[in-house]
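When reading the values below, keep in mind they use all heavy atoms of this one structure, side chains included, and skip hydrogens, waters and symmetry mates. Letters A, B, ... are given to chains in the order of the sequence lines, protein chains preceding strands, and every chain is numbered from 1. Model, not experiment: these values are computed from the prediction.
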2 protein chains.
Amino acid sequence: MSHRCDAKDLSILAILQQHGRIAIAEIANKLNMSDTPCLRRIRKMEQNGVIKGYGADVDPSALDLNVTVYAFVRLKENSAHFANQFEQAATDLEQILECSVISGAHDYLIKIIAKDLADYESFVKQRLGELKCIASIESSVVLKQTFSKKQLPIRN
Amino acid sequence: MSHRCDAKDLSILAILQQHGRIAIAEIANKLNMSDTPCLRRIRKMEQNGVIKGYGADVDPSALDLNVTVYAFVRLKENSAHFANQFEQAATDLEQILECSVISGAHDYLIKIIAKDLADYESFVKQRLGELKCIASIESSVVLKQTFSKKQLPIRN
DNA sequence: GGTGAAATCTATTTACG
DNA sequence: CGTAAATAGATTTCACC
């Protein structure tokens with residue numbers, strides 16, 4: 001279901017990554033092409049999964065979410081059963097924004113967002129602490145987000 | 001410049017986070033309101049920064065970006081000069097998607113995306129390795145991304 | 001804060017090179 | 001793969017509650 005993106009597709013993606021609600025005609029205009037082929041390319045990329053969707057980028061502090069924490073999680077056993085249990089639980093917890101299996105001494109790296117440190121602490125104790133598959137959690141609190149880019153690097 | 005979001009604003013945000021290109025009329029319809037107030041609320045949230053922007057969610061593998069790595073960086077000194085130097089360099093490097101100052105033994109956690117492990121290695125050696133402010137880098141390769149949610153949790 | 005209708009702009013389709 | 005014109009649909013403004 002994949003698809004080879006040519007240079008024009010990549011140019012369209014570079015624009016849409018940054019301006020998700022831009023008019024198709026404006027994209028076409030920027031790239032010196034007309035609307036119809038531009039729209040056709042976009043619809044094709046939406047259909048074959050190159051474009052997974054569109055979203056508004058919301059300021060976390062507007063939702064009173066002021067603390068981000070990265071946490072390393074180790075499981076008690078490296079069994080498929082424990083892994084599935086943890087991954088399902090993590091998926092269901094809205095405060096966990098990202099969950100990755102990583103190389104090295106730990107099993108998972110998860111990114112968590114919370115209102116404040118007290119909220120984070122109660123999340124760890126009441127939600128993660130409930131999971132019997134977890135052996136240890138090591139938290140790294142984000143003191144300052146230098147930046148977070150929403151765009152992937154596109155090289156033409 | 002902040003703004004108190006009421007329940008309707010939050011409902012709008014919940015929809016726009018997941019469907020960034022949805023028609024305003026459709027949002028209004030889902031929430032049993034008419035177009036004009038819905039649009040007014042959205043424009044207000046765009047202006048006061050609650051909505052920071054819109055973007056297409058692009059599949060990294062379509063751009064031949066198949067490796068994600070989290071790296072802990074320690075600086076040689078905890079001076080403002082070294083911090084500024086590192087943060088500016090990280091901002092300029094497109095492959096670094098996120099850069100956070102974290103608590104604990106390390107100074108920064110950065111998220112890097114690369115074509116493959118060879119590409120990542122050359123990035124570390126040729127780009128990061130050039131920076132005189134860095135004392136050490138510890139990489140955690142993402143073996144599998146269990147999930148990555150693009151939406152912040154919204155509780156009404 | 002809200003409504004509903006009119007005007008304007010954008011997306012989509014169709015016909016064709 | 002491209003263009004251009006016509007239709008259908010969305011956004012925005014307006015007068016008003």
Handout entry: Ala25(A) side chain, from C-beta outward: closest of dA11(C), dG2(C), dT11(D)
Key = dA11(C)
Exercise for the section: To the nearest Å, give me how far apart CD1 (Ile12(A)) and C1' (dC1(D)) are. Expected result: 13 Å
Handout entry: Asp35(A) CG to dA5(D) P, straight-line distance once rounded to whole Å
Key = 12 Å
Exercise for the section: Confirm from the modelled atom types if Thr36(A) and dG2(D) form a donor-acceptor pair under 3.5 Å, side chain to base only. Expected result: no
Handout entry: Nearest-angstrom distance from the residue atom CG of Leu31(A) to P of dT3(D)
Key = 12 Å
Practice task
Would you indicate whether the side-chain heavy atoms of Gln17(B) and Ile154(B) approach each other to under 4.5 Å?
Solution key: yes
Fill in the blank from the handout: In whole angstroms, the gap separating P of dT10(C) from CD1 of Ile42(A) amounts to 14 Å
Exercise for the section: Specify the separation, in whole Å, of atom NZ of Lys44(B) and atom C1' of dG2(C). Expected result: 13 Å
Problem - Side-chain (Lys149(B)) to main-chain (Ile96(A)) donor-acceptor, under 3.5 angstrom - result: yes
Practice task
Kindly say if Lys8(B) contacts the phosphate of dG1(C), meaning a side-chain N or O under 4.0 Å from OP1 or OP2.
Solution key: no
Practice task
Decide yes or no, distance alone: a donor-acceptor N/O pair under 3.5 angstrom between the base of dG1(C) and the side-chain of Arg41(B).
Solution key: no
Practice task
Flag the pair Phe72(B) / Phe72(A) as yes when their ring centroid distance falls below 6.0 Å, and as no otherwise.
Solution key: yes
Exercise for the section: Give a yes-or-no answer on whether the side chains of Ser139(A) and Tyr120(A) include a donor-acceptor pair shorter than 3.5 Å. Expected result: yes
Exercise for the section: Taking only the side-chain nitrogens and oxygens of Arg43(A), find out if one of them lies under 4.0 Å from OP1 or OP2 of dA11(C). Expected result: no
Exercise for the section: From the options dA10(D), dG2(C), dG2(D), select the nucleotide whose nearest atom is closest to the side chain of Arg40(A). Expected result: dG2(D)
Handout entry: Given dG2(C), dT3(C), dT3(D), the nucleotide with the shortest approach to the side chain of Ser34(A)
Key = dT3(D)
Problem - Atom-to-atom span, CE of Met45(B) to P of dG1(C) - whole angstrom - result: 12 Å
Exercise for the section: Among dA11(C), dT13(D), dT12(D), find the nucleotide with the atom closest to the side chain of Ala23(A). Expected result: dA11(C)
Handout entry: Separation of dT11(D) C1' from Arg21(A) CZ (nearest whole Å)
Key = 9 Å
Handout entry: Residue Met33(A), side-chain atoms from C-beta onward, closest of dG2(D), dT3(C), dT14(C)
Key = dG2(D)
Exercise for the section: Would you indicate whether Lys76(A), at its atom NZ, is surrounded by more than 12 heavy atoms from other residues, nucleotides or ligands within a distance under 6.0 Å? Expected result: yes
Practice task
Using whole Å, report how far CG of Leu39(A) lies from C1' of dA6(D).
Solution key: 16 Å
